[in-house]
Amino acid sequence: MQGTKTLISLLGVLSFAGPLGAQIDSVDVVTLSFHWPVGLSARITHVREQIRDNGESVDTTGAAVTYSMHVREHGAGRVVSFDDFELVGDPLQDGGEIMQQLTEQIGTFMPALVIDSAGDVIEISGIDQMVAQVRALLQPMLDSLPPEAGGFNRLLERMLSQAYFEAKALEDWNALIGLWRDAEFELGAVYQLEADEPIPIFPGRTIPFVYEFSFLERAPCSEERTDSSCVVLEMISVPDADSLATLLEAVFGEAAPELAEGRIVYRKLDLENYIRLLTEPRGMVPHRLDIIQVFGGDIEVPGEGQATVYQERTRTFHYVYEQEGR
């Protein structure tokens, strides 16, 4: 399997874009090194929320799951496994739209990752077992789908696939480790990079992105602590608008081929992704990860004219460790 050397491991090609604000008197530099010890164990709470505004109504859907993470020895280095998944709350009683609820629930699950000592992913395992577990947990929602939901059923099967979970696992690991590992950041500076990135739900497709990275501050690793042993890192990425519009129009055509002749046209499109990570610089043991996607644009809908759409999706991971002192 291709490792996670997709962004910051290419640190030599990053360009320095200058300070965020006024010149600082003393330079604070953080160096990030990866090391997750065998025996590291955490309880993770993963919350997903999506807000959609079509100009006429606003709806919110979400999902939350808690699960355990374990780091164990492996012949290639370490295996990071996840188990004991528990859905939080009853999404069927939240009033959200059933298909979107299913999408959010599926996106909370993670397969096991085999990593080498440098933090590169070399294998993703256990997806078949995890898909079976996901189907069992979500069966009540699956049974509630109307028979005419053919387009969504095709999307659902794509999400419950080996390719989807592999791509999503690499994307999440990149946000947690791969984006930052072995990097050195100066407080108040912005670093830029351009790269083509894959789209998890459509494996094999990529879009050009422009990335900006920064080291925002030193901070406590949790609300219960008062020291500054963690750092806050931020990444902002913006895709090429034309490439994104082409992909979205193709996605719409696949989900609803009966409307392919009069597909949605994107007249204006804005998308920004934000990743904010609270982590220990030495070892890169994470304590909180926020992944935010903001999407807006003007579209032309077949037979309905133009409309303005806005969507904000937030994913938050909280890590609580069994070992004292973390």
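In this text, all values refer to a predicted model and were calculated from it rather than measured experimentally. Numbering starts at 1 and runs along the sequence shown.
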| field | Step-by-step side-chain contact (heavy atoms from CB on, under 4.5 Å) determination, Val121 to Ile177 | value | CA-CA 10 Å; Val121 177; Ile177 302 296; over 6 Å; no
| field | Val47 and His318: CA distance, side-chain angles, deciding distance, side-chain contact (heavy atoms from CB on, under 4.5 Å) verdict | value | CA-CA 9 Å; Val47 179; His318 287 276; 5.9 Å; no
| request: Could you please spell out the steps behind the side-chain contact (heavy atoms from CB on, under 4.5 Å) verdict for Phe34 and Ile115? | output: CA-CA 11 Å; Phe34 175 80; Ile115 59 175; 3.6 Å; yes
| Can Ile236 and Tyr274 be said to form a side-chain contact (heavy atoms from CB on, under 4.5 Å), step by step? | CA-CA 5 Å; Ile236 302 174; Tyr274 301 85; 3.7 Å; yes
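Arg43 CZ: more than 12 foreign heavy atoms inside a 6.0 Å radius.
In terms of hydrophobic clustering, with Ile, Leu, Val, Met, Phe, Trp and Tyr side chains grouped at heavy-atom distances under 4.5 Å, Ile291 and Val294 are assigned to different clusters. Hydrophobic clustering, with ILVMFWY side chains joined whenever heavy atoms are under 4.5 angstrom apart, groups Val231 together with Tyr321. In terms of hydrophobic clustering, with Ile, Leu, Val, Met, Phe, Trp and Tyr side chains grouped at heavy-atom distances under 4.5 Å, Tyr67 and Val80 are assigned to a common cluster.
Residues Ser68 and Asp83 form a side-chain contact, since some pair of their non-hydrogen atoms from C-beta on lies under 4.5 Å apart. Between Tyr191 and Leu193 the shortest side-chain heavy-atom distance does not fall below 4.5 Å. Counting heavy atoms from C-beta on, the side chains of Glu280 and His287 come closer than 4.5 Å. By the 4.5 Å heavy-atom criterion applied to side chains, Glu212 and Glu234 are not counted as neighbours. Inter-residue side-chain proximity for Arg315 and Asp172 is flagged as met; some heavy-atom pair is nearer than 4.5 Å. Between Leu40 and Arg78, every side-chain heavy-atom pair lies at or beyond the 4.5 Å cut-off. By the 4.5 Å heavy-atom criterion applied to side chains, Val30 and Arg218 are counted as neighbours. Using a 4.5 Å heavy-atom threshold, the side chains of Val232 and Cys230 count as separate.
In this structure, Pro281 and Ser229 approach most closely via the heavy-atom pair CD-O, 3.4 Å. Taking every heavy atom of both residues into account, Ser161 and Ile127 meet most closely at O-CG2, 4.4 Å. Residues Ser81 and Arg72 come closest through the heavy atom pair OG-NH1, 2.9 Å. When all heavy atoms of Pro286 and Leu176 are compared, the closest pair comes out as CB-CD1, 3.5 Å. Among all heavy-atom pairs drawn from Glu194 and Val210, the shortest one is CG-CG2, 3.9 Å. Taking all atoms of both residues into account, the shortest heavy-atom contact from Leu278 to Cys221 is CD2-O, 3.5 Å.
Side chain of Thr279 to backbone of Val285: a donor-acceptor contact under 3.5 angstrom is found. Between the side chain of Trp180 and the backbone N or O of Ala175, at least one donor-acceptor pair lies under 3.5 Å. Panel note: side chain Tyr310, backbone Val58; no donor-acceptor pair is recorded below 3.5 Å. Remark: the backbone N or O of Met284 is paired with a side-chain donor or acceptor of Trp36 at under 3.5 angstrom.
Under the side-chain contact (heavy atoms from CB on, under 4.5 Å) test applied with Ile275, the options Leu289, Leu233, Asp290 reduce to a single match, Leu289.
A distance of 9.5 Å separates CZ of Phe82 from NE2 of His70, quoted to the nearest 0.5 Å. Between atom OG1 of residue Thr31 and atom CZ of residue Arg282 there is a gap of 11.5 Å, rounded to the nearest 0.5 Å. For the atom pair OG1 of Thr60 and CD of Glu49, the computed distance is 5.5 Å after rounding to the nearest 0.5 Å. The distance from the CG atom of Asp28 to the CD atom of Glu186 is 9.0 Å, given to the nearest 0.5 Å. Expressed to the nearest 0.5 Å, how far CE of Met110 lies from CD1 of Ile124 amounts to 8.0 Å. Residue Asn273 holds its CG atom at 11.5 Å from CZ of Phe295, rounded to the nearest 0.5 Å.
Between Ser222 and Glu224, the side chains place a donor N or O and an acceptor N or O closer than 3.5 Å (distance only, hydrogens not considered). Between the side chains of Gln311 and Arg52, no donor N or O sits under 3.5 Å from an acceptor N or O.
Ring centroid separation for the pair Phe317 and His46 comes in under the 6.0 Å cut-off.
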